[in-house]
Amino acid sequence: MEEQYHPSTVEKIAQEYWKDSHCFEVTEDPDKEKFYCLAMFPYPSGKLHMGHVRNYTITDVISRYQRMLGKNVLHPMGWDAFGLPAENAAIQNNTAPAKWTYSNIDYMKQQLNSLGFGFDWKRELATCQPSYYKWEQWFFTRLYEKGLVYKKMATVNWDPIDQTVLANEQVVDGKGWRSGAVVERKEIPQWFIKITDYAEELLSSLDELPNWPEQVKTMQRNWIGKSKGVEINFDLSNPIEGIKGFDVYTTRPDTLMGVTYVSIAAEHPIALALAKDNAELSEFIKDCKKQSVSEADMSAAEKRGIDTGLTAVHPLSNEPVAIWVANYVLMDYGSGAVMAVPAHDERDYEFAQKFNLDIKQVIKPTKPDDDCDISQEAYTEKGILVNSGEFNGLDFQQAFDAIAQKLNALGKGKVTTNFRLRDWGVSRQRYWGTPIPMFNLPEGGEIAVPFEKLPVLLPEDVEMDGVQSPIKADADWRKATLDGKAVEHETDTFDTFMESSWYYARYTSADLESAMLDPNKANYWLPVDQYVGGIEHAILHLLYARFFHKLMRDEGLVECDEPFKSLLCQGMVLAETYFRKNADGSTDWFNPSDVTLEKDDKGKPIKATLTATGEIVEIGGTTKMSKSKNNGVDPQTAVGQYGADTVRLFTMFAAPPTQTLEWNDAGVEGASRFLRRLWKTVHGHLAAGEPATLNTSNLTQVQQDLRRKTHETIAKVSDDYGVRQQFNTAVAAVMELLNDVNKYADRSTGETLAVEREAIEAAILLLAPVAPHISHVLWETLGHTDSVVNAQWPSIDQAALVKSNVTIVIQVNGKVRAKIDVANNTSKEELETIAKQDENVQKFTDGKTIRKVIVIPNKLVNIVAN
RNA sequence: GCCAGUGUGGUGAAAUUGGUAGACACGUCGGAUUCAAAAUCCGAUGCUAGCGAUAGCGUGGCGGUUCGAGUCCGCCCACUGGUACCA
């Protein structure tokens, strides 16, 4: 064996072996327990970034670990290939989105292989391939036939200069990112899938996902937002254009007597009707249109409103209440109207204060001493009704029921269950996506493209002008015939969340040409046993995929109810930023690789300079790796410099997977140093001669301790990989084991070498999932004929774990005053006696009365004295 | 705004069920080796005071529960993710 560790040589050997033996290509095997491990597939943006490296290292570690446990492991990879960035890049580089995308895929695939990820490339797919999106189109037409798809008007961001629809991301401070024009809201017809039909099930089956992070389930529950409330009808005092009234929904009918006005959306039919002969209102409505459609922007916008002059009739008191048009009420959600109870709702309170509207308290605290001062702020807690006539004195539930019942009797309201979740709008006015498989008919209306005419192909050889989608600009593309009749192709494409909603299932039947899925294969592999991806997908992607899975189930394609059995959400990858402010106020950002740091004597950075010029730059803090701050660290550079194993080891070691990960070159060197030390240890061990067969009956204390460490480490790492999914502590445990080997191992005889051999082999096996290349070569070097990728996970020798002594902490009033070594399982009584006799303990109990002694066997003794 | 997280030494972090705060690693300092340096090896390293034994303080802030709180509860601050057309 070579004395020095050369990562590039080692990695070449291992990667060639994996490739030549096709060892990650798997097929269904009913005799073996299956394990489907999946990473969220990447958008082919050009280069792999550290977030990808982290994601795929995690799934690779889990896959290799599960494989060593003897399971049939599927670990596929593919490309989320449709999307907005390809269009932007195509315009910028004067190329076509397809060409750009395919060349990115080629490059990134090579990068993935250089990192040694064990993917089954036979199942590779790219969502922009007609063989993939054909089945998505087919599935959509099936949903259409089942009535789960419909078309309606919906609001988009409209750039009036570029005459194009903008994504929320493309709206910056209310203006179009390219044109700078103030963005307008525009209503256009769009396709929707009825996710709300599945709201109840999407909510309730979250309870069947014990291995999902609680925070993700909570976010999804809140997003679905099931609530019980009352739908209330308000009549208009004077009908307008035949409109006699409108509905509002509230979860707080108990506050109904506190309604002092109602707010309606700018697009509400009543507002539009009134605006016809009200110039001021008409102007306000026009103004409301100049607003981004994103919820975050809207909530940040100033609350504005205007009194319409029209009143509605309060359904119980019959008193007139003012109708306001407000910019924060949206036509797309609910009925486009809300009742306002300023005394008991913060937003209504703020609005009422601003416009001097009445604030009427109708709820008082259940406990009289609770803070409630309506002149200062809204009281939003539930309480006891006041100023509510016949309902006075009722609590929330009683009032809810009584008021609902009364409204019901008057024919003015009913109890309903409401969901915050809205139907899934899947239409996009973009080019680089799956064409929506619908024909628009000349007489109006539409019909699904029949199966024989699928796929509706997206032309790939196009020129992007930066404004209009090439398939919208091309009148010929639109032309089609159906049964000899001229029809037109829909020119909108699908939301790219469509493709990412079912790719995990297609991997099981990747090359199937005759159907979307092969149920036999799909049902063998599904559900995914472990899904890993960024927390940013906690709601949208994961909810749409869950929904799509249920749609596929109801189509008879899959059997299980949920697609992802266990979910791990990884944190982002961060790096230090460096910048210089220019005289004109602009900022230049410098990549960490171009900066030299100067540190004070404690190691705290005090000064940063550009390595090339020596110019001083400012330290801008650690943030998410991004193009805008130029702090991306290229994985390829790191792999070239230290090797894939080091990069993988560092990514796993530097932080637990769910936390943010800070890239740090010094830390990477530490990881590299550890691998070199491992290599050197194996080299020294082999040079010392052949070990004898391990005989555990005649070991010295030091050797027993080393064996205990070996088996404690196996137990710890197994728990960390398999149960806790905390890879950083697993790596730390192996580091500890190797430290002990180097400190205590004895190479003088065959018997002692056997103890060292056991420890070293354990270390290699435990490390194999994280650093598979070096483990592959070292395992071979130790004389094994099978490859480490197929080796069996080490088992624990319970006898080696037995401890003779434990350290007990002795506290006085909760403060540590002594530590003692005692035999394992010393009795409570004995521990108490020993503790009280301790000299240091007596110093602190002297002159005090011992009130209580708490003894936790094998842990601590706490003496309470005063 | 709303929903969900996060906050521990100079730094990344550990502490799995309420029981020794800081494992492991980086950095820094000191030493060995070297003509010298790199690499490697050994040792020290939470902060403050003290030669030292040791003592006090210490897990974003304020308060609470408990014999005991990084961990549980309440309020607050800062940062991050999502907010339905970025993926």
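Throughout, protein chains are lettered first and strands after them, A, B, ... in sequence-line order, and every chain is numbered starting at 1.
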So, do A:Glu346 and A:Thr380 sit near enough that their side-chain heavy atoms are less than 4.5 Å apart? yes
Can you give me every donor-acceptor pair (side chain of residues 856-865 of chain A, partner residue at least two apart or in another chain, under 3.5 Å) with its distance?
residue	atom	partner	partner atom	Å
A:Asn858	OD1	A:Asn825	N	3.0
A:Asn858	ND2	A:Asn824	OD1	3.2
A:Asn858	ND2	A:Asn825	OD1	3.0
A:Asn862	OD1	A:Gly814	N	3.0

Is any side-chain heavy atom of A:Val156 closer than 4.5 Å to one of A:Val293? no
On RNA chain B, more 5' by nearest nucleotide between A:Gln659 and A:Gln170 is A:Gln659
Are A:Tyr328 and A:Phe351 near enough that their ring centres are under 6.0 Å apart? yes
Closest to side chain of A:Lys680, choosing from B:rU20, B:rU40, B:rA84: B:rU40
Quick one: which of B:rG81, B:rU83, B:rA39 gets closest to the side chain of A:Met572? B:rG81
Any idea which of B:rG27, B:rG81, B:rG12 is nearest the A:Ala666 side chain? B:rG27
Between which residue ranges does RNA chain B form stems of three or more consecutive Watson-Crick or G-U wobble pairs, both distances under 3.5 Å? B:1-7 with B:77-83, B:10-12 with B:24-26, B:27-32 with B:40-45, B:46-49 with B:54-57, B:60-64 with B:72-76
Which nucleotide wins on minimum distance to the side chain of A:Asn222, given the candidates B:rA84, B:rU20, B:rC3? B:rC3
Comparing A:Leu421 and A:Ala732 on RNA chain B - which has the more 5′ nearest nucleotide: A:Ala732
Flag the pair A:Lys152 / A:Gln190 as yes when at least one side-chain heavy-atom distance between them is below 4.5 Å, and no otherwise. no
In terms of side-chain heavy atoms of A:Gln726, which of B:rA15, B:rA84, B:rA4 is nearest? B:rA15
Can you tell whether the side chains of A:Lys194 and A:Asp423 come within less than 4.0 Å, N to carboxylate O? no
Expected label for B:rG81 (glycosidic angle, syn inside 90° of 0, else anti) would be anti
